[in-house]
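Working notes, beginning with the structure itself.
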Amino acid sequence: MSAHNRGTEFDLSWISKIQVNQPAVLRRAEQIQARRTVKKEWQAAWLLKAVTFIDLTTLSGDDTSSNIQRLCYKAKYPIREDLLKALNMQDKDITTAAVCVYPARVCDAVKALKAAGCTIPVASVATGFPAGQTHLKTRLEEIRLAVEDGAMEIDVVINRTLVLTGQWEALYDEIRQFRKACGEAHLKTILATGELGSLTNVYKASMIAMMAGSDFIKTSTGKETVNATFPVAIVMLRAIRDFFWKTGNKIGFKPAGGIRSAKDSLAWLSLIKEELGDEWLKPELFRIGASALLSDIERQKRLVNMKG
């Protein structure tokens, strides 16, 4: 992970006059989805790259220590050995970017990865995931406990009410407290964009989250009716670009929810490359919340069939 985003002072002028041009954003999103994003001869390499951006996740009510162990094994060995050998990539140490679990399962994940001799970070959701409707004191304690148990990344959810009612300084103050509770862990802030009401609110919430010290901004919990979409991503990526121009700080981006196919992943990588450039195409600044993606990449020897 890159150095922490220290954030900035709260400054309402950064968002007060913002109005997102929705028709223009939708046109841009259609362009991205309509064209072939990566030439065939490069697709295998890009798909392997996509694997290194995945936060391999299990967030189920029936999670146990044994299925956390299996998840950690899959994180260390995400692509079958025979496929890697066919591509001459067996020595490249390809792993997923992180393992993401509920706070109560952090110890299991840390233990499993340590036993596997693996340095993949453990990410934990927190702050009353997915709704974020618990008391602030409880949300902060959840962060602290997850960090204490060994989580190196914390995926927090914002209080959507503060966005929908325009309480921007209150949102900033809450995320600042999340930042402090994280200590040395990286803060990934989930905006739950499907519940924010407008693309203008998505931009404003993105900017406030970065001002408050978020190291990443993330589209969704994966539990909303609408999760990662290209229009929302375009707005968030442009907020990241604006923040970089204002502060020099590079903030990461994570789309999550509904990204299931190899084709989807290539479109997302292409979008990042076009909107932010190659500098953002590394796990320190780009993640994908898409655990189902691995099986699609492997299916029917897809990678080998794409070779040349």
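Being a predicted model, the structure only gives us computed values, none of them experimental. In this chain, numbering begins with 1 at the start of the sequence shown.
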Looking only at heavy atoms, which two atoms of Tyr102 and Ser124 are closest? And how far apart?
C-OG, 3.8 Å
At their closest point, which heavy atom of Thr193 faces which heavy atom of Ser220, and how far apart are they?
OG1-OG, 4.2 Å
Among residues two or more places apart or on two chains, list those pairs meeting ring pair (Phe, Tyr, Trp, His ring centres under 6.0 Å) that have a residue in residues 138-183.
Phe10-Tyr172
Under 3.5 Å, is there a donor-acceptor pair between the side chain of Lys218 and the main chain of Asp155?
no
Heavy-atom closest pair, residues Leu285 and Lys250:
CD2-O, 3.6 Å
Side chains of Ser206 and Val202: does their closest heavy-atom pair fall under 4.5 Å?
yes
Are the side chains of His186 and Met152 in contact, using a 4.5 Å heavy-atom criterion?
no
Taking the side chain as every heavy atom from C-beta outward, state whether Asp149 and Pro103 have any atom pair closer than 4.5 Å.
no
Would the distance check show the side chain of Lys74 and the main-chain N or O of Pro78 forming a donor-acceptor pair, the cut-off being under 3.5 Å?
yes
Which residue pairs pass the salt bridge (Lys or Arg N to Asp or Glu O under 4.0 Å) test when at least one of the two sits in residues 44-64, sequence neighbours left out?
Asp55-Lys188, Asp55-Lys254, Asp55-Arg287
Taking the side chain as C-beta and beyond, is there a heavy-atom pair between Val163 and Glu195 under 4.5 Å?
no
Hey, could you give me the CG/CD1 distance between Asp215 and Ile217, rounded to the nearest 0.5 Å?
11.5 Å
Which is it for Arg144 and Glu141 under the salt bridge (charged side-chain N to carboxylate O under 4.0 Å, His left out) test, yes or no, and what are the steps along the way?
CA-CA 5 Å; Arg144 284 191 283 265; Glu141 186 64 11; 3.4 Å; yes
Rounding to 0.5 Å, atoms CG (Leu196) and CD1 (Ile158) come to a distance of 5.0 Å
Within-4.5 Å side-chain heavy-atom neighbours: Arg139 and Ile143:
no
Taking all non-hydrogen atoms of both residues into account, name the closest pair between Ser265 and Leu47 and its distance.
OG-CD2, 3.5 Å
Is the shortest side-chain heavy-atom distance between Glu174 and Thr127 below 4.5 Å?
no
Backbone of Arg238 reached by a side-chain donor or acceptor of Glu275 within 3.5 Å:
no
Answer yes or no: is there a donor N or O on one side and an acceptor on the other, between the side chain of Glu224 and the main chain of Thr221, under 3.5 Å?
yes
Asp264 and Arg260 have their tightest heavy-atom pair at OD2-N, 3.5 Å
Do other residues, nucleotides or ligands put more than 12 heavy atoms under 6.0 Å from Lys223 NZ?
yes
Supply the atom-to-atom distance Ile120 CD1 to Thr95 OG1, rounded to the nearest 0.5 angstrom.
4.0 Å
Partner set under side-chain hydrogen bond (donor to acceptor under 3.5 Å, both in side chains) for Ser65, not counting sequence neighbours:
none
Which of these, Phe286, Trp46, Trp268, sits in a ring-ring contact (aromatic ring centres under 6.0 Å, His included) with Phe53?
Phe286
Please check if atom CD in Glu81 has more than 12 non-hydrogen atoms from other residues, nucleotides or ligands closer than 6.0 Å.
yes
Give a yes or no on whether Glu274 atom CD has more than 12 heavy-atom contacts from other residues, nucleotides or ligands under 6.0 Å away.
yes
Should Phe244 and Ile251 count as side-chain neighbours, where that means a heavy-atom distance under 4.5 Å?
no
Shortest non-hydrogen contact between Val157 and Pro130, atoms and distance:
CG1-O, 3.8 Å
Side chains of Asp242 and Trp245: closer than 4.5 Å at any heavy-atom pair?
yes
Verify the distance criterion only: is there a donor paired with an acceptor across the side chains of Ser198 and Thr200 at less than 3.5 Å?
no
